[in-house]
Structures are given as C-alpha cells and as structure tokens.
Amino acid sequence: MGRAGLTPERLTLAGAELADEVGFEHVTVSALARRFDVRVASLYSHVRSSQDLKTRIALLALEELADRAADALAGRAGKDALTALANVYRDYAREHPGRYAATRTPLDPQTAATSAGGRHASMTRALLRGYDLAEPDRTHAVRLLGSVFHGYVSLEMGGGFSHSAPDTDETWSRILDALDALLRAWPAP
C-alpha cells in the first residue's frame, strides 16, 4: 500500500515541477522521494522506475502543450495561426524548461500513439491548410516547422544567441515572417 496522499498523478506533477527547477535530466525517483521526505521504496507502488516517471512527465507536458496550442489556434488562420503556434512552443519552453525538455523524450510506439503528440501534428496540419499545401509537401512543412520551432527554442534556451545583436525577439519575428513567406510560395519539387 502506498503512502497516503501519494498518487501517480501527484508524483508526476511534482516530478514536472522538479524538472523545471533542476532540469529534466536530473529527475529521478530518488530526487522525488527526497522532495516528499519519504523512502524511495514507497514511491515504487506508484511509479515503476525513473524512466517511467520521466515518461509520465513527458506525457503530461505534451498534453499541457497541446491544450495551450489548441486554445491559441482557435479561430486563427494563415500567418496569425503560424505565429500563435510558434509562440506557444517558445512561451511554454520559457515558463517550463524542464517540461519542455521532457516533450523531446523518445516514446515507444504504443505510448506515442496514445499521447498528445498526435494532437500536435494534427494542429500543425490544420494550420497548414491555410497555405494550400498538398501531400507530401504538407508533411515536409510539418517537419520544417517542428525543426525550426524546437531548434530555435533549444538554441535560445541554451544561450546560443545571447552574445550578439539583434535581440532574439526580433530574430524570432523575422523567422516567422520568413516561414510565412516560404509556406505561401512553397517550391515545386
């Protein structure tokens, strides 16, 4: 029997908070046990391992991010939708750096299929309907947007742009302008 008040959901949320504080790579069942001032063994009735905990955090983060994206995209199209989606990813990463890192966790195929990852792809595809792209170009564009959003955010969070002008917000805005222009004039194969 687990300790009263400890549930997989509570531990996952506490693990996500810990990830934001110390970094996703430092989240372990041992670190979580210290946070709750309990023995590590008492948590194993709720989570199987540190990897299980990290997977749960990744699933939570993907869900949170998908919910934010859905809210931001509602009623938007074209560049407005592109900017809204891009800003959701960037803002979430700034607010929740550990959780954002968790969203990059590779999931096994079965877990991935039932995660909010599919919602992310569907929302990106819906955004791209405003650009009139047919397959396979729509898939190429989904991959492009994911690469640019996640690549820029990762480099920015790692301090990669902090040593030179112009300001990163200005660069972000110009990148979104360039993506919009590219998507409107997608090159033929």
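Here the structure is a predicted model, which means the values were calculated and not measured. The first residue of the sequence shown is numbered 1, and numbering continues consecutively from there.
- At distances below 3.5 Å, at least one donor-acceptor pair connects side-chain atoms of Ser42 with backbone N or O atoms of Arg39.
- Residues Met157 and Leu18 are members of separate hydrophobic clusters, defined by side-chain heavy-atom contacts under 4.5 angstrom among Ile, Leu, Val, Met, Phe, Trp and Tyr.
- Atoms CG and CZ, on Asp169 and Arg174 in that order, are 14.5 Å from each other to the nearest 0.5 Å.
- Neither side chain, Tyr100 nor Asp20, offers a donor N or O lying under 3.5 Å from an acceptor on the other.
- Using a 4.5 Å cut-off between side-chain heavy atoms of Ile, Leu, Val, Met, Phe, Trp and Tyr, with links allowed through other members, Leu65 and Leu62 fall into different hydrophobic clusters.
- A donor-acceptor pair under 3.5 Å is absent between the side-chain atoms of Arg68 and the main chain of Glu64, judged by distance alone.
- A distance of 11.0 Å separates CZ of Arg76 from CG of Leu85, quoted to the nearest 0.5 Å.
- Asp137 and Arg125 are not joined by a salt bridge, as no carboxylate oxygen comes within less than 4.0 angstrom of a charged side-chain nitrogen.
- Distance check: Ile175 CD1 to Leu82 CG gives 11.5 Å after rounding to the nearest 0.5 Å.
- At distances below 3.5 Å, at least one donor-acceptor pair connects side-chain atoms of Ser162 with backbone N or O atoms of Gly159.
- A side-chain donor-acceptor contact under 3.5 Å links Thr114 to the backbone of Thr111.
- In this structure, Ser50 contributes its side chain and Val29 its backbone to a donor-acceptor pair below 3.5 Å.
- The two residues Arg138 and Leu128 come nearest to each other via the heavy atoms O-CD1, 3.7 Å.
- Note on Leu127 and Trp172: same hydrophobic cluster, where clusters join Ile, Leu, Val, Met, Phe, Trp and Tyr whose side-chain heavy atoms are under 4.5 Å apart, directly or indirectly.
- Taking OH from Tyr89 and NE2 from His120, the interatomic distance works out to 5.0 Å, rounded to the nearest 0.5 Å.
- Side-chain contact between Arg10 and Leu6 is present, with at least one heavy-atom pair separated by less than 4.5 Å.
- Across every non-hydrogen atom of His46 and Leu11, the tightest pair is CB-CD1, 3.4 Å.
- A salt bridge is absent between Glu9 and Arg56; no separation between the charged side-chain nitrogens and carboxylate oxygens falls under 4.0 Å.
- Closest approach of Ala69 and Val88 over heavy atoms only: N-CG1, 3.8 Å.
- In this structure, CZ on Arg48 lies 11.0 Å from CG on Leu53, to the nearest 0.5 angstrom.
- When atom types are taken as modelled, the side chain of Tyr131 and the backbone of Lys79 share a donor-acceptor pair closer than 3.5 angstrom.
- Both Leu133 and Val148 are assigned to one and the same hydrophobic cluster, defined by single-linkage of ILVMFWY side chains at heavy-atom distances under 4.5 Å.
- Judged purely by distance below 3.5 Å, without hydrogens or angles, the side chains of Asp52 and Thr55 never pair a donor atom with an acceptor atom.
- For the residue pair Trp186 / Asp132, no side-chain donor-acceptor distance below 3.5 Å is found, with atom types taken as modelled.
- Residues Leu13 and Ile57 do not share a hydrophobic cluster, defined by chaining ILVMFWY side chains whose heavy atoms lie under 4.5 Å apart.
- Between Tyr44 and Ser49, the closest heavy-atom pair is CE2-CA, 4.0 Å.
- When only modelled atom types and interatomic distance are considered, Thr139 and Glu135 share a side-chain donor-acceptor pair under 3.5 Å.
- Annotation: the span from Leu155 atom CG to Thr171 atom OG1 amounts to 12.0 Å, rounded to 0.5 Å.
- Annotation: Arg35, atom CZ; neighbour count of heavy atoms from other residues, nucleotides and ligands within 6.0 Å is above 12.
- The heavy-atom pair separating Ala66 from Ala116 by the smallest distance is CB-CB, 4.0 Å.
- Of all non-hydrogen atoms in Met123 and Ala70, the two that sit nearest each other are SD-N, 3.4 Å.
- Within a 6.0 Å sphere centred on CZ of Arg94, other residues, nucleotides and ligands contribute more than 12 heavy atoms.
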